[in-house]
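These notes concern the structure reproduced below.
Below, chain A is the first sequence line, B the second, and so on; all start at residue 1. Just so it is clear, the values below take in all heavy atoms, side chains as well, and ignore hydrogens, waters and symmetry mates.
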Protein chains: 2
Amino acid sequence: MPVTVLLVDDEPLVRAGLRAVLEAQPDIEVVGEAADGAAVIPLVRRLRPDVVAMDVRMPLMDGIEATRAVLRTIDDPPKILVVTTFENDEYVYEALRAGADGFLLKRARPTEIVHAVRLVAEGESLLFPASVRQLAATHGDAGGNREARAVLERARLTEREAEVLRLMTRGLSNAEIAARLVVGTETVKSHVSAVLAKLGARDRTQAVIAAYESGFVAPG
Amino acid sequence: MPVTVLLVDDEPLVRAGLRAVLEAQPDIEVVGEAADGAAVIPLVRRLRPDVVAMDVRMPLMDGIEATRAVLRTIDDPPKILVVTTFENDEYVYEALRAGADGFLLKRARPTEIVHAVRLVAEGESLLFPASVRQLAATHGDAGGNREARAVLERARLTEREAEVLRLMTRGLSNAEIAARLVVGTETVKSHVSAVLAKLGARDRTQAVIAAYESGFVAPG
DNA sequence: GTTCGTCTCCCCCGCCCGGGGGAGGTCCGG
DNA sequence: CCGGACCTCCCCCGGGCGGGGGAGACGAAC
């Protein structure tokens, strides 16, 4: 069965864009749209979407409030994918606190958008989707770190994946990790790929950054 | 003129190995050997080597003491390249404090050894030579960070290189950095290579790790 | 007993990365 | 005036990396 998505954004253009991108996927179905967070609750009750793509900034009720409302009033709530325009949107931290499962930049490429929807639908948390990892890297606020750590935990790396990530943060290559763990390099590649996917990282460097920024490893 | 090196190690075998590796290079010349730190001062006075490859653990006077002695009593002192067997040798921090310019693991590959000698001879500090970067990553001691930071400063990245490193720590690819700085990707590659060389990093991931471990960038 | 998650390994493939070496430009200081 | 440092760009080249897809083995949970 396909992944069902509810779009919540005050701009019709953005909704149309998201719909076009997502509907192009055979396994994703957009089941509804809303122009404001205030309309979300009844729609979620009726449509029971797997994922809600939620804009942060909306006129009546913003994405943070709407996220809180959904999680508070709906049992077996849908996954919340927060959609934001700006990288340095402090609201994303609010959304994290509110319980959002992932983030998405509006200017993300279609493949990234699709990827993000699938990931959250599968129950994986998107720690550093698209360029939000850059936000984490730039944001000087100390409070943000705690949330990131919590989300990393929710990313639920398996034991082996966590071990591989730890060795990545030591600067080891795939071959070196393989030697250290006494497995084949192909195995390591599998784990590394899993780590990259779960962290929303494009390459091992971004994964290591995510590890530092989230407190998975600490410097010094 | 060639780089002149003085070998200081209590094990003849290690000295022979280092000599063999270094003498194979046309631009490197081993001008002397000593079996203990206690013999270093007069030898340095007489031979005036560019680099002293100094073992840390020696019977009479260890490498840290010898390093302090050399820097204290010799004007225009040679560069000190500390040679150690173990990755987790707390002594390397002592050596850093004492003013050593670089580190070298005995099990490093010949090319790495040669590379390290050339680098310190050129006045570059080896922040994470060979696998000492792994030490920095594992070592939980908070005190170690200050030294690393100091050495990073001594690595003297140019302004442009520092900027490139900063963008690397944001997870950007060479192409993305090029776009950001409005230069060609080949230019970025040059800067990246320079950064890797100065930090003793093998790839951008290790460079980012070094940046975090040294305090060049801080998480959160 | 069957499903599911995890760990393991395999193949193919494109591409970015990093090494090596070279070269022109500016600007500053000796 | 002439180095020297720095920034810029170029070439060639090999290899590691990451994506995609598949598959077998094992133990735990249902």
Side-chain angles (χ1 to χ4, degrees), chain A residues 25-27 109-112 114-116 118-119 122-124 128 155-168 171-210, chain B residues 25-27 109-112 114-116 118-119 122-124 128 155-168 171-210:
Chain A
Q25 302 300 317
D27 61 329
R109 288 167 303 190
T111 56
E112 292 179 333
V114 169
H115 182 62
R118 287 212 187 92
L119 269 189
E122 291 166 3
E124 301 289 3
F128 292 94
R156 292 190 307 99
L157 298 180
T158 68
E159 212 166 315
R160 207 53 160 173
E161 287 162 357
E163 175 67 7
V164 168
L165 176 57
R166 202 184 61 80
L167 293 175
M168 280 194 275
L172 274 63
S173 68
N174 287 338
E176 289 168 340
I177 294 175
R180 188 74 68 94
L181 299 181
V182 199
V183 296
T185 59
E186 298 297 330
T187 301
V188 175
K189 284 178 62 178
S190 293
H191 293 315
V192 169
S193 290
V195 168
L196 298 185
K198 288 184 178 179
L199 266 48
R202 192 176 48 194
D203 49 53
R204 65 202 302 110
T205 303
Q206 289 189 348
V208 167
I209 293 170
Chain B
Q25 303 299 318
D27 61 329
R109 288 168 301 188
T111 56
E112 292 178 333
V114 170
H115 181 63
R118 287 212 186 93
L119 269 189
E122 291 165 4
E124 301 290 2
F128 291 93
R156 291 191 305 99
L157 297 180
T158 69
E159 212 167 314
R160 207 53 160 171
E161 288 162 357
E163 175 67 6
V164 168
L165 176 57
R166 203 184 61 79
L167 293 175
M168 278 195 275
L172 274 63
S173 68
N174 288 338
E176 289 168 340
I177 295 174
R180 190 73 68 93
L181 299 181
V182 198
V183 296
T185 59
E186 297 297 329
T187 302
V188 174
K189 284 177 62 177
S190 293
H191 292 315
V192 169
S193 289
V195 169
L196 297 185
K198 288 185 177 178
L199 296 185
R202 190 177 49 195
D203 49 53
R204 66 202 301 108
T205 303
Q206 289 189 349
V208 167
I209 293 170

Looking at A:V195 and A:M168, what are the two nearest heavy atoms and their distance?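 Heavy atoms of A:V195 and A:M168 come nearest at CG1-CE, 3.7 Å.
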If you compare all heavy atoms of B:V192 against all heavy atoms of B:R204, which two are closest, and at what distance to 0.1 Å?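 Heavy-atom minimum between the residues: CG1-NH1, 4.1 Å.
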Taking atom C1' of C:dG5 as reference, at what distance in whole Å does atom CD of A:E159 sit? 13 Å
Please state how far atom CD in B:Q206 lies from atom C1' in D:dC17, giving the value in whole angstrom units. 15 Å
Please round to the nearest 0.5 Å and tell me the distance separating atom CG of A:L172 and atom CZ of B:R202. 7.0 Å
Find the distance between CG (A:N174) and NE2 (A:H191) and round it off to the nearest 0.5 Å.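 Nearest 0.5 Å value for the CG-NE2 distance: 11.0 Å.
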Could you pull out all residues at least two apart from [X] that satisfy side chain to side chain contact (heavy atoms under 4.5 Å, CB included)?
| X | result |
| --- | --- |
| A:T185 | A:A175, A:A178 |
| B:S190 | none |
| B:D203 | B:T205, B:Q206 |
| A:E163 | A:R166, A:L167, A:L181 |

As a test of your reading of the structure, name each stem of DNA chain D as range with range, where a stem is three or more consecutive Watson-Crick or G-U pairs at under 3.5 Å. C:1-15 with D:16-30, C:17-28 with D:3-14
In the 5'-to-3' direction, what one-character label does each nucleotide of nucleotides 8-30 of chain C receive under the scheme B = base within less than 4.0 Å of a protein heavy atom, S = sugar-phosphate only, - = no such atom? BBBB-----SBB-----------
